[in-house]
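Take a look at the structure set out below.
Naming convention: chains lettered A, B, ... in sequence-line order (proteins, then strands); numbering from 1 in each chain.
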Number of protein chains: 2
Amino acid sequence: MTKRIDASTMRQWNKATVLHCIRSQSPISRIQLAEVTGLNKATISSLVDELLTEQYIVEVGFGDSNGGRKPILLEFNANAAFTVGIDVQISHVTTTLCNALEQVVWEHTVDMTVPGTEVKNMLLELLTLEAKRAIAAAPASPHGVLGVGIALPGMVSFENGYVYMLPNLGVTEWDVRTPLQARLQLPVFIDNDANCGAWASYRLHPEYQNLIYVSAGIGVGAGLVMEGKLYRGSRGVAGEFGHTTIVAMGIRCSCGNYGCWERYAAQDSLYRYLLENGVTEFSEGERDFVARVVQEANRGRRECARALTTLGQFLGVGVANIANTLNPDAIFLGGQLIQAESWLLPQLRVAMQIKSVEAVRHTPIHLAKVDSMAVGAAGIALSETLYPIRMGSDTPGTVGSTLRHR
Amino acid sequence: MTKRIDASTMRQWNKATVLHCIRSQSPISRIQLAEVTGLNKATISSLVDELLTEQYIVEVGFGDSNGGRKPILLEFNANAAFTVGIDVQISHVTTTLCNALEQVVWEHTVDMTVPGTEVKNMLLELLTLEAKRAIAAAPASPHGVLGVGIALPGMVSFENGYVYMLPNLGVTEWDVRTPLQARLQLPVFIDNDANCGAWASYRLHPEYQNLIYVSAGIGVGAGLVMEGKLYRGSRGVAGEFGHTTIVAMGIRCSCGNYGCWERYAAQDSLYRYLLENGVTEFSEGERDFVARVVQEANRGRRECARALTTLGQFLGVGVANIANTLNPDAIFLGGQLIQAESWLLPQLRVAMQIKSVEAVRHTPIHLAKVDSMAVGAAGIALSETLYPIRMGSDTPGTVGSTLRHR
DNA sequence: ACACCTTGGTTTTATAAATAAACAAACTGT
DNA sequence: ACAGTTTGTTTATTTATAAAACCAAGGTGT
C-alpha cells in the first residue's frame with residue numbers, strides 16, 4: 001500500500017502526470033497541459049522547466065495563434081532513453097532495442113538449437129551477447145540504456161527474476177537475473193512471454209484497460225492486463241489457460257491432467273487433426289509446419305482445411321471461456337498459430353457467438369503484432385525504470401499492489 | 001486516471017491513511033501511527049484532531065508506559081456510521097444492518113415466493129420495506145446510515161445500477177437503482193451476489209489481496225478480488241465461470257452452449273447424479289434438497305454419496321481451472337451447495353492436486369461465512385460512501401480505474 | 001503606424017500542507 | 001525529590017501549488 005504523501009511525493013506525481021500527458025498527446029503547449037491536468041499554469045511552467053533540463057522533453061516550435069502569442073509546442077523526447085527487449089523462443093531469439101516511445105530502433109534475430117546439456121549456460125551466454133549487441137547499437141542519449149527485459153516461454157517469477165520452468169527448453173529452477181545483471185551492469189526484468197505480448201498490445205491500445213493476450217503455439221498461455229496493470233497472480237503464474245480442462249476426461253496431458261485446452265488448441269493438436277483426416281506428410285517439428293498446412297488448405301486441400309477448422313473451434317472454446325470469466329475489453333491473439341489466422345478467426349467468432357454469454361459476445365478479437373513479445377519485454381523494462389513515467393495508470397510500473405523489484 | 005495532487009488532496013490521502021491504520025490496528029497511539037505511516041508526529045496530531053471532532057475515532061484510555069508518559073489509545077468508532085446490505089435469493093431475502101467495522105448489528109430474513117407477473121414491482125416494494133426496517137433499526141450515530149447495498153443473483157451493472165438479467169427471478173432489463181434511491185433518499189449500490197460474497201471474504205481476510213469467491217447453488221458464479229479491488233470487467237459481468245465449457249460437446253445448457261460447468265456442478269446436476277444412481281425420491285425444487293441428500297449420504301446411503309462425490313469432482317474441475325488461470329491467494333466457497341462441504345471439499349482438494357499446475361496446487365480453499373452476500377453488499381456500500389476510508393488498497397472504493405458512481 | 005485586444009508564458013505573492021525543532025506533560029525508577 | 005524517558009503539542013521552517021500581477025508576442029481595426 002502506498003503510504004503517506006509529502007510535498008516531494010506530490011511534485012513527483014504531478015511531474016509524472018505532466019510527462020505522461022506530453023508523451024501521449026504531443027505536441028502540446030503549456031497552457032493545454034494546464035487545462036488537461038488541472039494544474040495551475042505556473043506549476044506547469046516549473047515542472048516543464050525541470051523536464052526540459054532533464055531532456056525528457058523538447059521544445060519543437062510554435063503552434064498557430066488566433067489573436068495572441070503563439071504557443072510553444074512540447075514533445076516527448078523519444079530518444080531520452082532506450083531499453084532492450086529479448087524474446088526467447090525455442091528455435092530463435094529476437095532482440096530489439098526500443099526508444100522511450102517503445103518504437104523499435106534496432107532488431108536482430110538469431111537461430112538457436114537447444115543443446116542436450118548446459119542449456120542454462122548456453123542461454124546465459126546468448127542473452128549476454130545479444131543484449132550487449134543491442135546496447136552497443138543504442139545511439140547516444142541523455143539517459144542511455146535503462147534496462148533489459150526478457151520474454152521467456154514458461155513459468156517465471158517477475159518478482160524474483162527466477163525461472164521455475166521452461167518446458168520446451170528443458171530448463172527448471174534457474175536464477176537468470178542475478179548473473180545477467182552482474183554481466184550487463186543493468187537492471188534485468190524477466191517475464192512470461194504471454195505477459196510481454198499482453199503488455200505490448202496494451203501499450204499500443206491503451207484504450208483497452210482490460211485485455212487478454214492469448215499465445216497459441218507449442219503451448220497455449222495468456223497474459224492478463226487488468227485495469228492497466230499486468231496481473232500476475234499470487235505466485236506470478238496467472239494465465240495458465242493452456243492447462244484448464246475443456247474436455248473433462250479427455251486426452252491425457254503432459255501435466256498429468258486430462259482434457260487440457262493445450263491438447264486441443266496447440267500446435268501438436270493440429271498435427272493430430274491432420275492425421276485424423278488422413279494427412280500424413282507433415283511432421284510436427286518441421287520448419288514452417290503451420291505455414292505449410294495453411295498453404296495446402298488455401299490450395300483447396302479439404303483435409304487440411306478441416307484440420308484447421310477443428311483447431312479453430314477448440315481455440316474458440318477457450319477464448320469464449322476467457323471472455324466469459326474475465327469480460328475483457330479485447331482479446332489479442334499471438335503465437336505461431338496466428339499464421340493460420342484466416343482459418344482460425346472465423347471459427348473463433350462463431351465460438352464467441354454460441355459459447356459466450358450475451359454481454360461479452362462482441363468482445364473484439366485482434367491479431368497481435370508479430371514482434372509483440374520482444375517489444376513488450378522492452379516496454380516492461382521501460383515502465384519499471386524510466387523515471388518518473390506513469391504509463392497511463394494510477395501508479396508507476398507494471399506491478400499491482402505487491403512489492404516492487406529491488 | 002487520477003490527475004493532479006494538490007495540498008488538500010495530499011491531506012485527504014494522509015487522513016485516509018491514518019484512519020485506515022486506526023481501523024485495522026486499533027487500539028493504537030499517535031506515536032505508533034507516526035511510525036506505521038511514516039508521517040511526522042505533528043502531522044499525526046493534527047489529523048487525529050480532525051478525525052476526533054468528526055467522530056470517526058475515539059480516545060479509549062491509556063496504554064502502558066515504561067518510563068515515560070502513557071500513550072493515549074485511539075480506536076476506530078465502529079458506530080460512526082452504518083450501511084444496509086440486502087441479499088436477494090430465490091426463496092428469501094436477507095437484510096443486514098452493519099456498522100462501520102462491517103459487523104452485523106441487526107438482521108432480518110423474509111421468505112419470498114416469486115409471483116408470475118409484476119416481479120419488479122414486488123421486489124421493489126420488498127426491498128424498500130426491508131431497507132426501511134433496517135434503517136429504522138440503526139442506532140443514533142454521527143454519520144447515520146450512509147447507503148444500501150444489494151446483492152442480486154444474476155447479471156447486473158454496478159456502474160449503472162442496472163439489472164441485465166436475474167434468470168431465476170424472471171427479471172430482465174431493470175433499472176433498480178433510480179426508483180430505490182428516490183424512495184430511500186440514500187445512495188443505493190447493486191452488485192452480483194458472488195461479487196458481494198467475494199468482497200465480504202476479502203474484508204475478513206485482507207491478507208488475500210487476490211481471492212476468488214465461488215458461489216455454487218442453482219447456478220455457479222464467481223466474484224473476483226484482484227489486488228484488493230473487485231474486478232468487474234469491461235461491462236461489469238466478469239466471473240461467469242458457470243458458463244465456461246468444461247466438457248466440449250457435453251450437455252446442452254440453457255445459455256445455448258454445450259458442456260457448461262454449471263450443468264455439471266450446480267444443484268440440478270446433483271439431482272441428475274442422483275437419478276443416474278437410481279435415487280428417485282428427491283425433487284430438485286424441494287425444501288432443503290441438498291441438506292437431505294447429505295443426510296442420506298451421511299447415513300451410509302452409497303448412491304447419495306456417489307452422487308455427491310461426482311458433484312465434487314466436477315466442482316473441482318472448475319475450481320482447478322480458476323486456480324490455473326488466476327492464481328489467486330485463496331479460493332472461497334459459498335452458495336447452497338456448501339451444505340455438502342464434508343463431501344465436496346475432499347474431492348476439490350483431489351482435483352487441485354491432479355488438475356492444476358504445480359505452482360498453484362496449494363492454493364488454500366476456504367468455506368465462506370453463510371451471510372457473506374448480505375454483509376458484502378453492506379461492505380460495498382460502506383467502501384463507496386464512508387469518507388474517507390481507503391479500505392486497504394491504493395485508492396478508495398471497490399472500483400478500479402473506471403468511472404465512479406455519481 | 002499604432003492603440004488595443006488576445007493568448008501564452010513567467011514572476012511575484014499568498015496559502016496550505018508537511019517537517020523539524022523546541023517545548024510541555026506525564027510517567028518510572030532510584 | 002529528581003533525573004531520565006516517552007508522549008504529545010506548539011512554533012518555526014520548508015516545499016509545494018495556486019492566484020494574481022506581469023511581460024511577451026502575436027493579431028486586428030482604424
Residues in side-chain contact (heavy atoms from CB on, under 4.5 Å) with A/Val105, at least two apart?
A/Phe82, A/Leu97, A/Asn99
Output yes when A/Lys229 and B/Glu227 qualify as a salt bridge under the 4.0 Å nitrogen-oxygen rule, no when they do not.
no
Among residues 37-47 of chain A, which contact DNA chain D at a heavy-atom distance under 4.0 Å?
A/Leu39, A/Asn40, A/Ala42, A/Thr43
Using the test side-chain contact (heavy atoms from CB on, under 4.5 Å), find all partners of B/Ile31 that sit at least two apart in sequence or belong to another chain.
B/Ser29, B/Glu35, B/Lys41
Any chance the side chains of A/Thr9 and A/Asp6 put a donor and an acceptor closer than 3.5 Å?
yes
Could you give the CZ-to-C1' distance, from A/Arg11 to D/dA18, as a whole number of Å?
13 Å
Using a cut-off of strictly less than 4.0 Å, decide whether B/Arg30 has a side-chain nitrogen or oxygen near OP1 or OP2 of D/dT9.
yes
Spacing of B/Leu73 atom CG relative to D/dG8 atom C1', expressed in whole Å:
13 Å
Taking for A/Asn66 and for A/Asp6 the nucleotide of DNA chain C with the nearest heavy atom, the one nearer the 5' end belongs to A/Asn66
Taking for A/Ala7 and for A/Arg69 the nucleotide of DNA chain D with the nearest heavy atom, the one nearer the 5' end belongs to A/Ala7
Ionic contact status for A/Glu159 with A/Arg232, cut-off 4.0 Å
no
On DNA chain C, which is the earliest and which the latest nucleotide, 5' to 3', with an atom closer than 4.0 Å to a heavy atom of chain A?
C/dT6 to C/dT19
Whole-Å distance between D/dA25 C1' and A/Asp64 CG?
15 Å
What is the distance from CD of A/Gln12 to P of D/dT15, rounded to the nearest Å?
15 Å
Please evaluate residues A/Asn14 and B/Ile5 with respect to the criterion side chain to side chain contact (heavy atoms under 4.5 Å, CB included), reporting the C-alpha separation (whole Å), side-chain torsions for both, the decisive distance (0.1 Å), and the verdict.
CA-CA 6 Å; A/Asn14 288 336; B/Ile5 297 182; 4.0 Å; yes
When the distance from CG of B/Leu33 to P of D/dG8 is rounded to whole Å, what number comes out?
9 Å
Please report, rounded to the nearest Å, how far the C1' atom of D/dT7 is from the CG atom of B/Leu74.
12 Å
Pairs where residues 61-83 of chain B contributes a residue and the test side-chain hydrogen bond (donor to acceptor under 3.5 Å, both in side chains) is met, not counting sequence neighbours:
none
Can you name the salt bridge (Lys or Arg N to Asp or Glu O under 4.0 Å) partners of A/Arg30, sequence neighbours left out?
A/Glu59
Would you mind reading off the distance between B/Glu50 atom CD and D/dT9 atom P, rounded to a whole angstrom?
14 Å
5' priority, DNA chain D, between B/Ile72 and B/Gly68 [closest heavy atom]
B/Gly68
Close side-chain approach of B/Glu102 and B/Trp199, heavy atoms under 4.5 Å
yes
